[in-house]
Novice: 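There's a structure below that I have some questions on.
Numbers for residues simply follow the sequence, beginning at 1. One-based numbering, in listed order, for ligands and for the atoms of each. What you see is a predicted model; the values in this text were computed from it and never measured.
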Amino acid sequence: MPDFPKALQVRQLAFLVFALLPFGLFAGTVVQPDSAYLIGYSEANGQGGLRFAWSVDNDNWYAIGDNFSFLNSDFGAWGGQKRMFDPYLYQEENGRWHCVWSLNDTIQQFAHAASDNLYEWDRQAYPVVMDAPGNVLSPEVHLSGQAFLVSWRSDGPGAEGVYQLQTDNWSDFSTTEPAAENARRNDRKLIEIAGKERFGNVHRVAWETVDDLIKHYEWMQHHNAERAETMAEDPVRFAGLEALTAEITLQPDQSKAISDKLMGIFFEDISYAADGGLYGELIQNRDFEYDPIDKKYNDPNWNAQMAWSTDGDLDWEIRTDEPIHENNPHYASLNVTGKNAALRNLGWDGIPLQAGASYDLSFFARRPDGRGTLTARLVAPDGSVLAEQRVRSIGKSWTKLTTTFAPERGIDSAQLELRFDKPGRIDLDMISLFPQETFMGRKNGLRKDLAQTIADLNPKFVRFPGGCVAHGDGLANMYRWENTIGPLESRVPQRNLWNYHQTAGLGYFEYFQFCEDIDALPIPVVPAGVPCQNSIMGGHGQQCGVPMEDMDEYVQSVLNLIEYANGPADSEWGKKRAEAGHPEPFNLQYLGVGNEDLITDIFEERFRMIYEAIGARYPEITVIGTTGPFYMGTDYEEGWELARELDIPMVDEHYYVPPGWMVNNQDFYDKYDRNGPKVYLGEYAAHLPGRPMNVETALSEALYLTAVERNGDVVEMTSFAPLLAKEGKTNWNPDLIYFTNTEVKKTVDYYVQQLYGQNAGNEYIPSQVNLSDGNRDVRERVGVSVVRDEATGDVILRMANLLPVAVTASVDPAGLDLRGSATLHVLQGDPTDRDATPTTSEIELGSEVTYEMPAYSFSVIRVAAGK
Ligand code: AHR
C-alpha cells in the first residue's frame with residue numbers, strides 16, 4: 001500500500017477536519033473538501049515526468065504517489081534525453097489543461113501537451129521557437145484574448161532575455177518576439193514536500209480533480225501489481241490448490257468466422273538476424289563499407305577494414321576513387337611488394353563449411369598496372385588448406401570473377417584467403433562467398449537451416465524489414481526500399497540502427513522471394529515519412545519529418561514499391577522485378593505505413609499524404625497504420641483516433657508485456673469495436689525480469705493467444721517479436737529463435753507459435769468453461785479455444801493450463817462429431833524450464849472427450865475430419 005492513501009485515511013483526517021474549518025467545508029464525519037490546491041512539478045534533473053501534489057492550505061503538501069509520473073516527455077532519444085524541466089500548467093475556463101515545459105537548456109524548442117483530466121494527455125508538440133544559440137527555459141502559458149500566450153526565458157549567449165509568441169491551436173505559432181519581464185506571470189512557487197523543495201505553479205481545483213488523480217494513481221498501482229504477477233509466487237498464490245476439473249461445453253451453433261492469417265512472423269535485422277544470420281553470405285564486410293558511424297563512433301576497431309587481415313609482403317588501404325559503383329564507394333587497394341602476400345576474411349567470427357558442399361566465391365578485381373592472377377583458398381585456423389582455386393584474368397578495369405570451392409573437410413571456423421604472388425597494386429571489392437545450398441537453392445539466398453526453421457512455423461505472412469530498422473535512426477537512415485534492389489554492388493549499404501551494418505544484400509527482392517517460397521503474404525513496412533522518435537544520429541535528436549518539399553518524391557517512392565511488387569513486367573518498376581528474375585507479380589496485399597511512431601502533427605501530416613495517395617492509386621491495398629509502442633497511453637489513443645477518423649482498414653499494435661499482463665488482460669480485445677479498423681498485433685512477447693524464454697513466457701503467450709483467437713474477427717494477424725538473434729550479438733532479449741554460425745536453437749515460445757501456426761483454423765467455435773474452482777486467479781489461468789479449419793474440416797482444441805495442478809476437462813461437443821483418432825500435442829514443464837519441447841501422440845476420442853491437462857501445460861488436440 002503506498003504511503004499517501006494511508007496517510008490520507010488516517011493521519012491527515014484530523015488535520016483535514018481542522019484545516020478545512022475556515023473553508024466552511026467540514027460537514028460530517030468523513031471530510032472531503034470541495035477544493036484543494038494542486039501543484040505540478042518535475043525533478044530537478046528533469047527525469048521522471050510530471051508529478052502532482054495537493055494541499056488544502058497551500059502550505060502542507062502531499063505528493064500523489066511515490067515518484068509517480070502523470071505525463072512523460074517524449075522528446076529525444078531513449079534514456080537520459082527524455083527530460084521535463086519546469087512544467088507549467090494552465091487551465092482554460094472549459095476545464096482543459098495545458099502543460100508547457102522546457103526540454104533542456106540547449107535547444108530552441110519547448111514542449112506542449114493538453115489534457116482534460118491531467119492524466120490522459122493528447123499528443124505532444126515541440127515547436128522550434130528560437131534561433132540558436134537561444135534556448136527555452138521556464139516556459140509559461142496563459143490565454144490572452146482568443147490566443148494562448150507562451151513566454152519563456154533564454155540565456156543563450158547573445159539571446160538573453162524574455163521571449164513570447166502566440167498560438168490558438170498549438171500547431172501554428174506566431175513569430176517569436178522579445179517581451180518585457182512583466183509579460184510573464186512568474187507565478188511558480190517553491191513548496192516543500194517531505195523535506196524536498198519543489199517548484200511549480202499552484203492551482204485551486206475542485207477536490208474531484210485531486211481525487212481523480214489519486215484514483216488514477218491507485219488504478220495504476222493495481223495494474224502494475226497484476227503485471228508483476230509471475231509463476232514464482234504460485235506456491236503461495238495456489239497453496240493448497242488441488243487438481244481441478246473443467247466442464248467445457250462447445251457452442252458450435254454460435255461459431256463465427258475468424259481470420260485465416262492469424263499467425264505470421266515479423267522479421268527485422270536486429271541482433272544480426274540478416275547479415276551474419278538469415279542472409280547466406282559468409283563473408284563479413286564484403287563491400288568494405290563498414291563505417292565507424294555504424295557503431296556511433298564507439299568502437300575503434302569498426303571501420304572499412306573490419307573482419308579483414310593481411311599477411312606477408314603487402315600493405316593496404318581503403319580507396320574511393322573510381323569505385324565499382326557510386327553506392328558502394330569503398331574498396332580495398334593492396335600494394336603487393338613480394339611473392340608472399342595474403343588478404344584474409346574471418347567471416348562472421350569464422351566461416352562454417354560442410355564437407356562435400358559447394359561454395360561460390362565471387363569478387364570484383366582490377367590491376368591498374370597490368371594483368372594478374374590470385375589464389376583463393378579456404379583455410380582452417382591451423383593454416384591447413386581446405387580448398388583452393390586459381391583465379392586468372394584480373395584485368396586493368398573492374399571485372400567480376402567467380403570460382404567454386406568444394407572442401408572435402410567440414411569445419412566450423414574457416415577463413416577465406418586470397419594470395420598474391422606478383423608485386424603491384426590490386427583492387428578488390430564485393431568479395432562474396434555463398435553456399436550453393438541455400439533455402440530453395442536461391443542465388444544470393446538464405447541460410448537453409450534458419451529459413452527452414454522459420455518456414456516450419458507455417459507463417460501466413462511476413463512483416464519486414466522492421467521495426468525500428470524500417471523507420472530508421474534519423475531521416476538519412478530511413479529504410480528506402482529502392483536502395484535494396486538491383487545488382488548487389490549498386491545497393492546502398494547503411495548503418496543498422498541496432499549498431500552494426502546492413503549490406504542490403506537481403507533486400508526487397510529477396511524478402512518478396514522468401515515470402516513466396518514459404519507461401520506467406522508479404523507485409524512490407526515503409527516509414528510514414530518520419531524516422532524513429534528516438535533517433536539519435538539524425539542530427540535532430542527526435543522524430544522529425546521528411547521535409548514537405550520532398551514529400552511528393554517520398555510518396556511516389558511508396559507507390560513505386562507497390563508497382564514493383566504487383567505491376568506488370570513492362571511497367572517502370574515491375575520491369576526491375578522482372579529483370580531480377582520474377583516477371584510474375586509478388587501479390588502484395590498489405591502495406592504497413594509507420595512503425596510504432598510517436599503520433600504527432602508531423603507524423604499525421606505525412607501519414608495522411610501517403611495513405612491518401614495509396615488509396616487513390618491502389619485502393620485494393622490494405623494499409624496498416626500504427627498505434628505506438630504500448631497498449632495504452634497517448635500514441636495508442638491518438639493512433640486509434642486517427643485510424644477511426646481516416647477509416648484506416650487495420651492498425652499495427654505493439655506491446656511487450658510481463659506474463660502477468662497477459663494473464664490479467666485476456667478481455668483486451670473483447671471490448672474492441674467489431675466495425676472499426678482491424679488489428680494486426682505486429683509485435684508482442686511476454687517479458688519476465690531477466691528476459692528469459694521459458695515455459696512461463698511460452699504458456700502465458702499460449703494462454704493470451706486463446707483470447708486473441710476468440711477475437712479473431714477483430715485481430716487479423718499477430719507476430720511475435722523479435723524473431724531471430726545471433727548468440728553473442730543480441731541487441732534484444734528474448735527472441736523466438738537463437739542461432740550461432742552452425743546451430744539453430746528454438747525456444748519454448750517457438751513451439752507455441754508453431755502449434756498455433758501448424759494448427760490454424762478460420763472458424764471459431766465458442767465454448768463455456770466451468771472450473772471446479774471459480775476463484776478469479778484460477779479461472780484466468782485456464783484458457784480454451786476451439787477452431788475449425790475450413791480447408792480440411794479438422795477441429796482443433798487448444799487448452800492452456802497455467803496452474804500448478806492438473807485440470808481434467810470433460811468436453812461436451814454439443815453435436816460436433818469429435819469421435820475417432822486425433823493428434824495430441826503437449827508442451828509442458830516447470831515454469832523456469834527453457835528447454836521444454838512438445839510431445840506428439842495419437843489418441844482416440846469417444847463421444848464425450850475427457851482430457852487431463854497437465855500442470856503448466858499447453859495442449860492442442862487436432863481432430864481430423866471424416867475419419
Ligand atoms: O522488436 C524489436 C523492436 O521493438 C522493434 O524494432 C520496434 O518496432 C520495437 O520497439
Novice: With heavy atoms of P722 as the reference, note each atom of ligand 1 found under 4.0 Å away.
Specialist: 1 (O), 2 (C)
Novice: Starting from atom 10 (O) of ligand 1, which protein heavy atom do you reach first, and at what distance in Å?
Specialist: E596 OE2, 2.6 Å
Novice: Could you give the distance from OG (S271) to CH2 (W732), rounded to the nearest 0.5 Å?
Specialist: 9.5 Å
Novice: Donor-acceptor pair, N327 side chain versus R491 backbone, under 3.5 Å?
Specialist: no
Novice: Ring-plane angle category for F512 and Y508, please: parallel below 30°, perpendicular beyond 60°, tilted otherwise.
Specialist: perpendicular
Novice: Is the shortest distance from a heavy atom of Y684 to ligand 1 less than 4.0 Å?
Specialist: no
Novice: Does atom NZ of K295 have more than 12 heavy-atom neighbours from other groups under 6.0 Å away?
Specialist: yes
Novice: Is it true that atom CG of D519 has more than 12 heavy atoms of other residues, nucleotides or ligands lying nearer than 6.0 Å?
Specialist: no
Novice: Examine F266 against ligand 1 and note whether any of their N/O atoms are separated by less than 3.5 Å.
Specialist: no
Novice: Nearest to atom 1 (O) of ligand 1, what protein heavy atom do you find, and at what distance?
Specialist: Y656 OH, 2.7 Å
Novice: Look up atom CG in L450 and atom CD in E743, then write down how far apart they are to the nearest 0.5 Å.
Specialist: 11.5 Å
Novice: Any idea which protein heavy atom is nearest atom 6 (O) of ligand 1, and the distance to it?
Specialist: E268 OE1, 2.5 Å
Novice: Determine whether the side chain, the backbone, both or neither of V469 has a heavy atom under 4.0 Å from any heavy atom of ligand 1.
Specialist: neither
Novice: For ligand 1, is there an atom lying under 4.0 Å from some heavy atom of P629?
Specialist: no
Novice: Please determine whether a side-chain nitrogen of the Lys or Arg among R286 and E281 lies less than 4.0 Å from a carboxylate oxygen of the Asp or Glu.
Specialist: yes
Novice: Tell me which protein heavy atom sits closest to atom 7 (C) of ligand 1, plus the residue, atom name and distance to 0.1 Å.
Specialist: E683 OE1, 3.3 Å
Novice: Give yes if a backbone or side-chain nitrogen or oxygen of W498 is under 3.5 Å from a nitrogen or oxygen of ligand 1, and no if not.
Specialist: no
Novice: Can you sort out which atoms of ligand 1 are near G467, meaning under 4.0 Å from one of its heavy atoms?
Specialist: 5 (C), 6 (O), 8 (O)
Novice: State yes or no: are the ring centers of F70 and W121 separated by less than 6.0 Å?
Specialist: no
